[in-house]
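Just so it is clear, the values below take in all heavy atoms, side chains as well, and ignore hydrogens, waters and symmetry mates.
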Amino acid sequence: MSSKIMLKPKGKNTKRAAAADEEDGAVVVVGKFVKEWGTWTAKKAKVITHYGFIPLVIIIGMNSEPKPSLSQLLSPV
């Protein structure tokens with residue numbers, strides 16, 4: 001049978017190992033926070049793009065030269 005390797009240090013280095021475990025835990029928490037924040041931001045950006053694209057095109061079209069009326073912008077011809 002294979003023997004298991006113990007990763008926990010014994011002796012005087014236990015305080016250093018505990019500090020390293022706390023740092024690893026902090027890194028995991030920060031990583032999770034960044035992932036959740038990125039997901040939240042992507043969802044909000046998707047909604048803003050979905051509902052804001054056509055109004056943006058209309059506003060840009062109304063500010064171009066020659067100045068079309070709103071009915072000219074919305075008509076397919």
Side-chain angles (χ1 to χ4, degrees):
M1 292 195 175
S2 64
S3 62
K4 292 185 179 180
I5 299 173
M6 296 295 289
L7 297 177
K8 293 182 180 179
K10 295 181 181 179
K12 296 179 182 179
N13 294 331
T14 56
K15 290 182 181 178
R16 289 183 192 163
D21 287 342
E22 288 177 10
E23 289 176 6
D24 289 343
V27 170
V28 170
V29 170
V30 169
K32 184 177 178 182
F33 174 75
V34 169
K35 184 178 178 182
E36 288 176 3
W37 184 82
T39 304
W40 179 84
T41 305
K43 286 181 181 179
K44 297 297 177 183
K46 183 179 176 182
V47 171
I48 290 169
T49 304
H50 180 78
Y51 289 108
F53 181 73
I54 291 180
L56 177 68
V57 169
I58 291 171
I59 290 170
I60 290 172
M62 290 183 76
N63 291 331
S64 64
E65 289 294 328
K67 299 247 183 226
S69 66
L70 186 58
S71 62
Q72 290 174 331
L73 280 174
L74 297 178
S75 69
V77 178

Under 3.5 Å donor-acceptor pairs involving side-chain atoms of residues 28-56, not counting sequence neighbours:
unit_1: Thr39; atom_1: OG1; unit_2: Lys35; atom_2: O; d: 2.9
unit_1: Thr41; atom_1: OG1; unit_2: Trp37; atom_2: O; d: 2.7
unit_1: Thr49; atom_1: OG1; unit_2: Ala45; atom_2: O; d: 2.7

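Counting only residues at least two apart or in different chains, side chain to side chain donor-acceptor pair (under 3.5 Å) contacts with residues 67-77 comprise Ser69-Ser71.
Applying the 4.5 Å side-chain rule to ILVMFWY residues, one finds that Ile59 remains a lone member of its cluster.
With rounding to the nearest 0.5 angstrom, the CG atom of Leu74 is 5.0 Å from the CD1 atom of Ile58.
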